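Quick notes on the structure that follows.
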Amino acid sequence: METIHLTGDTLNNFATEIRQTTGEDTSRCYQCGNCTAGCPYTEFFDYPVSQIMRMIQTGQREKALNSRAIWLCATCETCSTRCPCEIDVADVMDGLRNIAYREKRFTERDIRTFYEAFLTSLKHHGRIFELEIIARYNLKSGHLLTDADLGPKVMKQLHFLPKRIKGRDDVARIIKRFMEKK
Amino acid sequence: MSVVEGKELRIVGFLCNWCSYGGADTAGVSRFKQPTDLRIIRVPCSGRVDPLFVVKALINGADGVLVSGCHPRDCHYSDGNYYARRRLEMLKRFLPFVGIDARRFHYTWVSASEGQRWQQTVTEFTTLIHELGPTPAFPQDQTVLKEVRA
Amino acid sequence: MRVGVFICHCGNNIAGTVDVARAAEETAKLPHVVYSTHYMYTCSEPGQDEIKQAIKRENLDRVVVAACSPRMHELTFRRTVEKAGLNRYFFEMANIREHISWIGENKELNTNKAIEAVRMAVEKVIRDKPLHSTAFKINKRVLVIGAGVAGMQSALDCADGGLDVVLVEKSPAIGGMMARLDKTFPTIDCSICILGPKMVDVAQHEHISLHAYSEIEEIKGYVGNYQVKVRKKTPYVDWTKCTGCGECMEKCPTKNAYDRFNFGVAPTRAINIPFPQAIPKKATIDAQYCRQIQKGKCGVCAKVCRANAINFELPDQFVTEEVGAIIVASGYGLIDQELLPEYGGGRYPDVITGIQYERLLNASGPTSGHIQRPSDGTEPKSIVFVSCAGSRDKSIGIPYCSNFCCMYIAKQAILTKDHIPDSQSYVFYMDIRATGKGYDEFTRRAQEDYGAKYIRGRVSRIYPKGKKMIVQGADTLLGAKVEVEADLVVLATAATAAPGAAALAEKLHISYDTHGFYVESHPKLRPVETNTAGVYLAGAAQGPKDIPASVGQGSAAAAKVLALFSRDMLESDPAIARVNQNACVGCLKCVKTCPFQAIKEQELRGGEVVASVIETICAGCGVCTSTCPCGAIQLQHFTDNQLLAEVNSLCLS
Amino acid sequence: MNIEKLKEIVRTVLPSVDVVIGYKKGLDALHPVPCFVTSPDEIDALVLNPACTHNLAAYLPSLKKKTAVVVKGCESRTVVQLVQEGLIKRENVVVIGVPCQGVLSARKVLNAINHQPVVEAAFENDAVIVKTRKAETRLALNDVASDKCLTCQYPTPVLSDHLAGEQVESKVDEQAAYQDIRQFDAQSLEERRAYWLKEFDRCIRCYACRNACPMCVCRESCIAETRDPHWMSQKATLNEKMMFHMIHAIHLAGRCTECGECERACPMGIPVAKLKKKINMEMKELFGYEPGISIDDKPPMYTFKVEEEKIEEHKIR
Amino acid sequence: MIEKEYAYYAGCSLEGTASSYDRSIRVILKALGATLRETEDWSCCGSTPAHAMDHVLAGALAARNLAIVERMETATLTTPCPSCLSAFKKAHAKVTQDKAFSDEVNQLLDLPYKGGVKAKSTLQVIYEDVGPDAVTSKVTTVLPDLKAACYYGCILSRPPKLAAFDDPENPVSMDRLLAACGVDVRDFVFKTECCGAAFGVPKKEMVLRLTHKVLTMVQDCGANCVVVACPLCQQNLDLRQAQVNRAMGSSFSIPILYFSQVLGLAFGFQPEELGLDKHIVSADALIRSRRPKGAEDAAPPVKEKARKSTAQGTAGKPGDAPGAEGTASAAKEA
């Protein structure tokens, strides 16, 4: 196991960055582990939430932003609800995802592909069109048969023609402006 | 928390000995940084604060006056702050009638254990007073009087 | 007038951010100031000598010390100037530490502020009048509020010292929380075995008069002379007749009354004696559950009572006790499980609190000391202890540590193994706080000798699955989520201020913090005094603490009272209101507003009516002074002229 | 205002009191003066008309005798307030109430007649006819009434042992009682400041307002003049003038019965009564209290409630 | 009191897989006397994926809809979907509390959002504005065979500061509404445990395990159906039940109903009117026995039993919601 040099982040740069992104003060965390204990996803994570919080406290930016955990968090809010230090832990995870997204770090490719399929559908229709997302996701991810086993009754519920709304140009503009700004 | 930018303004605080003066002490002991404008006058009880002290200060150049006592129900002298509350409320409502900005006078309750609340109160009040700027000077021009006498 | 100014460095505490030399130089130029200097530690002995010498050398008649808060050292320096021959009220203090050097970052601004603080103090000091205390007699009786271990200790120490003690206890029996504990850490002494003899001593002491099942209704007066009105709540039983035979309890048909003594571990009867060793051993009716009182039908107890002691019409009674000092030992409370919804919020019978578990362990408890699951009465084999259940939890407003839970959990884990040898205890903890003598060794024994599994992490959720309780926690040392299938879960619920603590504080005029714990006069140096003269604190009313600390404080508070009462007379604070009878127009608004009824009307020879202050009663709040339209009644040492001078020194310059 | 009825009452009352205070003719018809009746033959000198403006209740605190006093609505409130505060004893006072349609502002009348000397004045129900050497002018009462009368809520005395005349209903509904104050409040802070600085600047610190005030009981102990305590200097600066008026107003908080004597007495015509009325408005809003209405009330500044319904904790901004 | 008019935001799911939720909500709200005004030309709320990418983008997508609603001048916006609600509440909170954020968001928008919209879930509207008593008064039909586990999902009442509705650990609103319809509601401990729906497509293996856990607990508490208020939960539990069975070797056949459908049935509507025919796991067997309320004398024990278990299942904090006192105090006495 590597030796972590704690002197690398004496100025708490990473914690400050998280504070600026999310407004959450991670120095309040006293590592009780409640978030890890309550998180339904801990078993799928590479690092439990409380250790992600610890990485922020100790300035391990690379490790935190490259973790899979931040992508697997579903923002179910269990951690935020039960945190005794009143930290919105889910928001911190969201903030980490935001930074990772900006820096194009995608440890979980499939999730990224799904998100982008979502955004593309949004750009096209202004609303979400489920069948298109699945199709697009299957194509891009290479998992061609995802959910093909759901059966005909499910498929029947999905619209085959997307509803187009007048406001779809509005939405496309929002996304365009956003992309330009970044 | 740094000093509010620019020149200091004159802020007078009347603090009851048992709660708010202690709260200000607690803030100090905890090293809760505050703007430096405030000058503190120690009184035994907020009930000792005659509204006329506030008027006197405001008329004679104070830019802000802060009165702080024990929380209701927690007065060291049991009822002093209840009298203060009525009298200071009357004053706060009266001041704007004669053209004094009521925001320049604030009264509140801070206990001896509430160092942080004290820090917050001082910081917010000082910031507000700086936003309002110095209290308008009193013209000492007595033309009207001279005319009448003439 | 010749004023001397002494500016303290307080080491670097003041000198670090205030230019003390410049302050001394500038303040020397103030009117009336004839001497100004700065000194490393003014409060030190050489520092005080310096003041005394300067008074003689410079012929000073007024002294200003600019240093820490007057709440800290005003009395110190008053004594200093008095020793040098000045009236002790010819002294003022400018607080340039707490209010200046510790909170401001800009040295120049701090220095200016310090100079102005001294200027204000000088303006005030030159208007100081000599004040002299008068002596008054002390009533050498002491009131102790709360008969838990701290209060009992205070009462016994005072009584052994020859004082008459009035001991008031809210519950029907004395002993407090300690009477409920099974064993005590770290010695595993039987709690009631060591407390019992003390309880008997209290009951039998010739100098102690006990009011059990009583509460403080009203407190008037001042140090040396308090009048305390005590409400003796009705037990609906004439205690002068009740023999404590227990027949009524046996025959009472209401079997589902909440057992306050046992924290509801099992139900009790509507009429009951809380526990076998109870003192006083008298029956009390819980009106909420009594069929006779609620529905007017029953009266079984009255029929079976051979002493004819039952009286459903018995009202609350009031007695007034006159005392000279008060020790407050009103104890603590515990949070309701309702605050912990993630642990079931009290809905699951097999999730109980630490104090309930004590009653399960206790041989005189409802299960005769057999550990049984409340749900089905079976013996649990897998027991989980959850520390910090509510403590150190900002989200429910309890950021503090409850002090004794780590230790009693270790004790309970050890006792569990003793009771059920094939059981396994799990302890979820965040930090083990075991700072007392022999404490850490004790928690090690729980792990090493009794096999308790300690898991470092908080419990997130507890829920039932079949007959088991699933405890979902984390092991942060492993970096993993862990689960335990428990038969019984014990929550170390957070200690809080006693219910009603704030209301009692208001009656006593003492301060309490945001959590309801009483505030001591100084956290380090005056831990059992309050800011109200003659009122002292003992035990967990001041903050959660364990038995030895509570007993220690009980004795300390008693020592304070004994010291106070070692004299026959007390000196009054002369900083009280005084009436200028020439100026008084007799409107008597001061009489109406005085919170202490310390002002009476007096008719002068000419027939005019004026106000007159009763010196021993006046507490010095100054409400009268701000009420009087013509400034005829002036609070000494805080006169209108003094405060005006301070205002003017700030505003007119 | 029925003078015959009044005389009749005075006649019956006089034997049971030491003195009856009423009005008699003064310098001219517009300026009646107080008159102290101690024997029946003085009764016929009594007058009663809208020019009778003095608040005769002001004499009560200093009189040690059993006194009957003639009061209009607002002045009856003074009696009530004095009793409420314990400054006089109810049993020492016989209140002769006079229902009132409003009194004259001498200043307004003189302005209307160009300050000509008044020869005679006659009073009708809603008008006054003023005769000068040059002319006779009919003035509507409403136009020359005192400001206080324009929003008066209590034209009939709130307390009286004898009533000289029929009850009079207030012409102003309750909502409008403080409309003048609300209007003034509607101005900007700067406008209000400028207004008062100009007014206070005219003050000559003669203390006539204070001396006329029936509730100012401090006499020579008034802190505007004492040295101990030394609230203010004798300098004629604007600060000190303002300070004086603030002292007067604040000392009357919850006590002013709006008799308007302060304003009437002011030689400089400064509208000082307005300050007190503003505080009265706030007292009513905060505590539902009006001075001088009930003997059993407690002046709001000398009592409190643990929970104040109307006072909320202020935020700094 | 129920407001006459609510601005209504259905959300993308309710146009697709959750059309039965949309349909049943409309049916019962109409029955309860409320008019739903469509949010014209609404777009996607931003929900999870956008939020993960960027808060400002997510905020802008939500705020576009809020800005539209703001101009409808209706007091309250209601959406059945907790995910959309959460997106709206987050955006609203940030826009109103953080000036810089508000500026950034409005730069992306054509029509700025000023912060004047109050959003409530449709469940909250029915629970708080209508209330269980009014619901009871509409009941015409009893459902004797239904043993319900109310599953709230993760974000309906959490985080508590944002949601400001019901209890974060043990929500009771659905339990009480169903109990008000006389349904046997079971004490279910996984009310707020996450089912993983958000990752249904990209992380199927993960989701199947979480779903399996939830369904196991449903079975354990003796329920024969799950009642939900979230379209994602419904889809996940219903659509993927067969996948769960295949992957985990289980054999669940538990119908997943929307609370609005259960209320609809109790109000006397037909299953097709409420879109029940659309569900994968059929509820037919459970609702076949329903009968008019008047016929309840035929089997009084059922009704009584339902009441009793209600009291146990919903013993939350006393008095924390309208109509709570009755059940809570009943539970206390028991």
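Below, each value reflects all heavy atoms present in this structure, side chains not excepted, and no hydrogens, waters or symmetry copies. Sequence lines set the chain letters: A, B, ... in the order given, protein chains first and strands last, and positions in each chain run from 1. Everything quoted here is computed from the prediction, not taken from an experiment.
Of the atoms belonging to A137(B), it is backbone heavy atoms, and not side-chain ones, that fall under 4.5 Å from chain D. Neither the backbone nor the side chain of N81(B) comes within less than 4.5 Å of any heavy atom in chain D. Only the side chain of H251(D) comes within less than 4.5 Å of a heavy atom in chain B; its backbone stays farther off. Within the 4.5 angstrom heavy-atom criterion, no atom of E199(D) approaches chain B. For chain D, no part of I129(B) is nearby; none of its heavy atoms comes within less than 4.5 Å. Residue contact with chain D, scored on non-hydrogen atoms closer than 4.5 Å, is absent for L66(B). In this structure, the portion of A249(D) lying under 4.5 Å from any heavy atom of chain B is its side chain and not its backbone. Heavy atoms of K305(D) lying under 4.5 Å from chain B belong to its backbone as well as its side chain. If you measure heavy-atom distances from E240(D) to chain B, the contacts under 4.5 Å come from the side chain alone.
No more than 12 heavy atoms of other residues, nucleotides or ligands lie within 6.0 Å of CD in Q175(D), so this atom counts as exposed by the packing criterion. Within a 6.0 Å radius of CD in E131(B), other residues, nucleotides and ligands contribute more than 12 heavy atoms.
Taking K315(D), M283(D), M281(D), E282(D) one by one and counting their heavy-atom pairs under 4.5 Å with chain B, the maximum is reached by E282(D). Ranked by heavy-atom pairs shorter than 4.5 Å toward chain B, the options L275(D), D185(D), L197(D), V306(D) are led by V306(D). Among the candidates F94(B), Y82(B), F97(B), the residue making the largest number of heavy-atom pairs closer than 4.5 Å to chain D is F97(B). Considering only heavy-atom pairs separated by less than 4.5 Å from chain D, the leading option among P96(B), G61(B), A102(B), P51(B) is P96(B). When the candidates Y302(D), Y195(D), F287(D) are compared by the number of heavy-atom contacts under 4.5 Å with chain B, F287(D) comes out ahead. Among I181(D), T303(D), I223(D), the residue with the largest count of heavy-atom pairs under 4.5 Å with chain B is T303(D).
Side chain of R103(B) to backbone of R317(D): no donor-acceptor contact under 3.5 angstrom is found.
We find the CG-CE distance between L286(D) and M90(B) to be 10.0 Å, quoted to the nearest 0.5 Å. Within the model, atoms OG1 of T108(B) and CD1 of I316(D) stand 7.0 Å from one another, a figure rounded to the nearest 0.5 Å. Note: I59(B) CD1 to M242(D) CE = 4.5 Å, rounded to the nearest 0.5 Å.
Under the disulfide bond (SG atoms under 2.5 Å apart) criterion, no residue pair touches residues 234-317 of chain D, with sequence neighbours excluded.
Side chains of I250(D) and R87(B) form no contact here, defined as non-hydrogen atoms less than 4.5 Å apart. The side-chain heavy atoms of M246(D) and L95(B), taken from C-beta on, include a pair separated by under 4.5 Å.
Remark: R193(D) is positioned above the aromatic ring of F138(B), its terminal NZ or CZ atom under 6.0 angstrom from the ring centre and at most 45 degrees off the axis.
Between R86(B) and E308(D), at least one side-chain nitrogen of the basic residue sits less than 4.0 Å from a carboxylate oxygen of the acidic one, meeting the salt-bridge criterion. Comment: E313(D) does not engage R85(B) in a salt bridge, judged by the lack of any side-chain N to carboxylate O separation of less than 4.0 angstrom.
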